[in-house]
Peer 1: 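If you scroll down you'll find the structure; I have some questions about it.
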Amino acid sequence: MNAEQKQKLTTLFGQEQVAVLITQGEQWPTGTVQAFAETPDLDLLFIMRFSAEKYQNLIARPKATVLVDTRDVGKVATFEIARASVQGEAVEVPRDTPEWETLKALFLKKNPFEAPLFGGDALRMVRIKPKRISYANGVKDTFWIEL
């Protein structure tokens with residue numbers, strides 16, 4: 001990924017608070033809209049209860065797709081929206097570790113309204129490490145990269 005591509009993705013991820021997380025179940029894919037955060041390396045962070053279907057899916061089948069777009073502020077009628085599809089592999093962030101604390105702070109900086117969820121033992125955090133990214137902003141500004 002070159003610097004221009006990384007900047008476009010950083011800008012897109014930075015201006016949106018929610019993404020669609022798609023996981024593969026035993027029979028059907030599951031898509032959920034939820035808060036996310038991004039690391040400087042563009043890994044995507046999600047939190048969820050250990051009993052959630054999406055979490056169970058990610059543990060059994062860690063490949064996931066994340067969709068992020070600016071349809072909330074873009075011109076949908078003329079498709080002037082920035083959008084990215086990120087395909088990657090989920091890794092659980094171990095609780096009570098320095099990594100957990102660092103990523104928790106990053107997540108809560110972007111999504112302070114999620115702070116009450118960190119009070120329980122049922123919460124899990126996953127990190128989606130991108131492997132393939134498709135990006136478009138309008139119809140002429142597009143790229144596809146494999147990492």
Side-chain angles (χ1 to χ4, degrees), residues 1-95 97 99-115 117-118 123-147:
M1 170 179 346
N2 66 37
E4 180 183 2
Q5 292 167 332
K6 184 173 183 177
Q7 183 56 51
K8 288 178 181 185
L9 291 166
T10 299
T11 299
L12 172 59
F13 297 163
Q15 72 187 69
E16 294 299 318
Q17 282 187 290
V18 296
V20 177
L21 172 63
I22 302 168
T23 63
Q24 181 59 50
E26 287 184 35
Q27 293 184 13
W28 304 100
T30 298
T32 56
V33 175
Q34 60 186 92
F36 79 102
E38 66 282 353
T39 69
D41 292 331
L42 300 181
D43 290 355
L44 302 177
L45 306 173
F46 294 92
I47 60 171
M48 58 200 69
R49 292 180 61 84
F50 76 89
S51 59
E53 181 180 14
K54 59 194 160 201
Y55 174 76
Q56 297 299 322
N57 288 348
L58 289 171
I59 294 305
R61 291 164 292 282
K63 292 183 178 173
T65 299
V66 179
L67 305 172
V68 182
D69 67 60
T70 61
R71 74 181 99 171
D72 58 323
V73 295
K75 297 178 184 176
V76 176
T78 55
F79 222 59
E80 295 174 57
I81 59 173
R83 57 211 181 271
S85 173
V86 179
Q87 295 174 319
E89 293 193 32
V91 176
E92 183 172 359
V93 178
R95 291 181 64 90
T97 64
E99 179 186 23
W100 173 275
E101 293 304 321
T102 299
L103 296 178
K104 173 184 172 182
L106 186 68
F107 189 89
L108 289 176
K109 181 178 180 185
K110 184 172 184 172
N111 304 292
F113 54 90
E114 299 277 23
L117 298 176
F118 279 89
L123 188 71
R124 300 296 184 263
M125 185 184 318
V126 295
R127 179 181 202 149
I128 307 288
K129 296 184 170 286
K131 301 294 183 192
R132 299 169 23 147
I133 301 173
S134 171
Y135 172 90
N137 189 353
V139 294
K140 295 184 180 179
D141 182 9
T142 65
F143 61 85
W144 183 88
I145 52 179
E146 191 151 347
L147 305 170

Peer 1: Do S85 and T65 come close enough that some side-chain heavy atom pair is under 4.5 Å?
Peer 2: yes

Peer 1: From L106 CG over to K104 NZ, what is the distance, rounded to the nearest 0.5 angstrom?
Peer 2: 13.0 Å

Peer 1: Do you know which two heavy atoms are closest between L9 and A84, and how far apart they sit?
Peer 2: CD2-CB, 4.0 Å

Peer 1: How far apart are the closest heavy atoms of A90 and L58, and which atoms are they?
Peer 2: CB-CD2, 3.7 Å

Peer 1: Output a table of donor-acceptor pairs, distance under 3.5 Å, between side-chain atoms of residues 124-139 and any protein atom two or more places apart or on a different chain; print 'none' if there are none.
Peer 2:
unit_1	atom_1	unit_2	atom_2	d
R124	NH1	D121	O	2.7
R127	NE	D43	OD2	2.7
R127	NH1	E99	OE2	2.9
R127	NH2	D43	OD2	3.4
K129	NZ	D43	OD2	3.3
R132	NE	Q87	OE1	2.6
R132	NH2	Q87	OE1	3.1

Peer 1: A side-chain contact here means heavy atoms from C-beta on lying under 4.5 Å apart; do F118 and L108 qualify?
Peer 2: yes

Peer 1: State which residues pass salt bridge (charged side-chain N to carboxylate O under 4.0 Å, His left out) with E4; sequence neighbours excluded, sorted by chain then number.
Peer 2: K8

Peer 1: Please find the pair of heavy atoms, one from Y55 and one from F50, that lie closest to each other, and give the distance.
Peer 2: CD2-O, 3.0 Å

Peer 1: I'd like to check the side-chain contact (heavy atoms from CB on, under 4.5 Å) partners of Q5; sequence neighbours left out, ordered by chain and number.
Peer 2: M1, N2, F143, I145

Peer 1: Could you state the interatomic distance from CZ (F107) to OG1 (T102), rounded to the nearest 0.5 Å?
Peer 2: 15.0 Å

Peer 1: Donor-acceptor pairs are to be reported for all side-chain atoms of residues 11-25 against protein atoms at under 3.5 Å, with residues two or more places apart or in another chain.
Peer 2:
unit_1	atom_1	unit_2	atom_2	d
T11	OG1	Q7	O	2.9
T11	OG1	Q7	NE2	3.0
Q17	NE2	K110	O	2.9
T23	OG1	N57	ND2	2.9

Peer 1: If you draw a 6.0 Å radius around CZ in R95, do more than 12 non-hydrogen atoms from other residues or ligands fall strictly inside?
Peer 2: yes

Peer 1: Once side-chain contact (heavy atoms from CB on, under 4.5 Å) is applied, do any residues pair with L117, and if so which ones, sequence neighbours excluded?
Peer 2: I47, E114, L123

Peer 1: Atom CD of E26 and atom CD of Q56: how far apart are they, to the nearest 0.5 Å?
Peer 2: 10.5 Å

Peer 1: Once salt bridge (charged side-chain N to carboxylate O under 4.0 Å, His left out) is applied, do any residues pair with R61, and if so which ones, sequence neighbours excluded?
Peer 2: none

